[in-house]
> 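Please find one structure pasted underneath; my questions will follow.
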Amino acid sequence: MPRSITARLRTALAATAAVLLTTTALGAGPAQARVDETQRGPDPTPASVADPEGEFPVATSVVPRPAATGFGGGTVYYPDVTDAGTFGAVALSPGFTGLQSSVAWLGPRLASQGFVVFVIDTLTLTDRPASRGEQLAAALTYLTDVSEVRERVDPERLGVMGHSMGGGGALAAAKANPELKAAIPLTVWHDDTTWPYLTTPTLLIGAQADTVAPVALHSEPIYASLPDTTAKAYVELSGASHFAPNAPNTTIAQYSIAWLKRFLDDDRRYDGFLCPTPPVGGAISAVAATCPLD
Ligand code: 9J3
Ligand code: ZN
């Protein structure tokens, strides 16, 4: 059993404090000047959050299945710069019978905006949401503690995402690890639609024409069950199927970017992309959020 995320956060906080003290004692040069701030990248625009490629070059680090404990390995996509401080990180699970490749487009898409993104394979293709939640947590532990990019990750700024049963896993991971700063279930499937104690800011993205995980049976009741004291949002993709998250999708990308920026990075430059909620029409058939999101 890996150390809990909470235990790791305590250690990491101490380490961060030590680094900041050292930096101060030596005199922070320009390269370190922003290391204690969490905003990354230039000011956003409607074009920048929709761009297939953000400002950061992206590199990858493959985690082979045998190297992983508690999940099935995966691929880390990360901003390939060393002068911008650490980054917030998110683990992303595919859905039932899905491989990492089924959601891999989100790796470079999000990493190029300034996040470390760990797209995982699951232990078996048929793992249920509860297991996928444990695997997302195990993947974040691997990412922050032993991965070759661990020094690039801020262990205080972690989130979870997933498609379908992987999205159910994201909910389960957030329930078990309330220190997680953001959860984004995509066309979520979970047989438990009651999540009244979830405190992690949660963005649900549903698909209007989903017949596998109909929004009326999954995304909508789950959204309604989240407490109003938890920052939450629901975006429904007009005419889309259950499999919308399996291919590049600008609406999924732009709302995911804004949610991760707002809640992993505390980057208020993205507030306007979330609140007030956009009008229904075009790519969006329904939307809700607890605006303002503070
Ligand atoms: O992860 C998913 O795509 C869940 C949808 C599903 O096949 O549920 C059947 C129980
Ligand atoms: Zn930021």
Side-chain angles (χ1 to χ4, degrees), residues 65 68 70-75 90-107 109-110 117-140 159-177 180 182-195 198 200 202-226 232-249 251-253 255-256 259 283 285-286:
R65 181 175 290 270
F71 64 107
T75 305
V90 61
L92 166 59
S93 167
F96 193 65
T97 75
L99 295 165
Q100 58 171 302
S101 56
S102 69
V103 287
W105 69 273
L106 277 160
R109 187 85 172 227
L110 300 177
V117 184
F118 196 2
V119 186
I120 68 166
D121 278 317
T122 47
L123 293 169
T124 82
L125 294 176
T126 55
D127 294 332
R128 304 289 290 188
S131 171
R132 288 170 197 267
E134 292 171 357
Q135 294 183 51
L136 285 166
L140 289 173
V160 283
M161 297 178 68
H163 175 222
S164 194
M165 286 195 194
L171 293 171
K175 183 178 179 179
N177 303 281
L180 290 172
I184 309 180
L186 307 171
T187 63
V188 64
W189 190 101
H190 204 301
D191 52 10
D192 183 353
T193 55
T194 308
W195 297 80
L198 210 71
T200 295
T202 299
L203 165 65
L204 292 146
I205 299 183
Q208 185 185 27
D210 191 333
T211 56
V212 178
V215 293
L217 300 180
H218 294 274
S219 292
E220 289 176 353
I222 289 168
Y223 175 81
S225 81
L226 297 170
K232 60 176 181 172
Y234 173 58
V235 173
E236 186 181 275
L237 307 172
S238 182
S241 85
H242 185 63
F243 304 101
N246 296 134
N249 181 296
T251 307
I252 292 173
Y255 284 96
S256 297
W259 199 258
S285 51

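In each ligand, atom 1 is the first atom listed, and ligand 1 is the first ligand listed.
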> How are the rings of Y234 and Y223 set relative to one another: parallel (under 30°), tilted (30 to 60°) or perpendicular (over 60°)?
tilted
> Would you say ligand 1 has an N or O under 3.5 Å from any N or O of M165?
yes
> Between S93 and Q135, is there a side-chain donor-acceptor contact under 3.5 Å, judged purely by atom types and distance?
no
> May I ask you to decide if the ring planes of H190 and W195 are parallel, tilted or perpendicular, using 30° and 60° as cut-offs?
perpendicular
> Which heavy atom of L92 sits nearest to which heavy atom of V103, and what is that distance?
CD2-O, 3.7 Å
> Any idea which protein heavy atom is nearest atom 2 (C) of ligand 1, and the distance to it?
S164 OG, 2.3 Å
> List ligand 1 atoms under 4.0 Å from G95, heavy atoms only on the residue side.
1 (O)
> Could you tell me whether F96 approaches ligand 1 through its side chain, its backbone, both or neither, with non-hydrogen atoms closer than 4.0 Å?
both
> Any side-chain heavy atom of D191 within less than 4.5 Å of one from R128?
yes
> Give the residue, atom name and distance (to 0.1 Å) of the protein heavy atom nearest atom 6 (C) of ligand 1.
V212 CG1, 3.8 Å
> Write out the residue and atom name of the closest protein heavy atom to atom 8 (O) of ligand 1, then the distance separating them to 0.1 Å.
W189 NE1, 3.5 Å
> Please report the closest heavy-atom contact between P221 and A216, naming both atoms and the distance.
CD-O, 3.4 Å
> Could you tell me whether H242 and ligand 1 have an N or O pair separated by under 3.5 Å?
yes
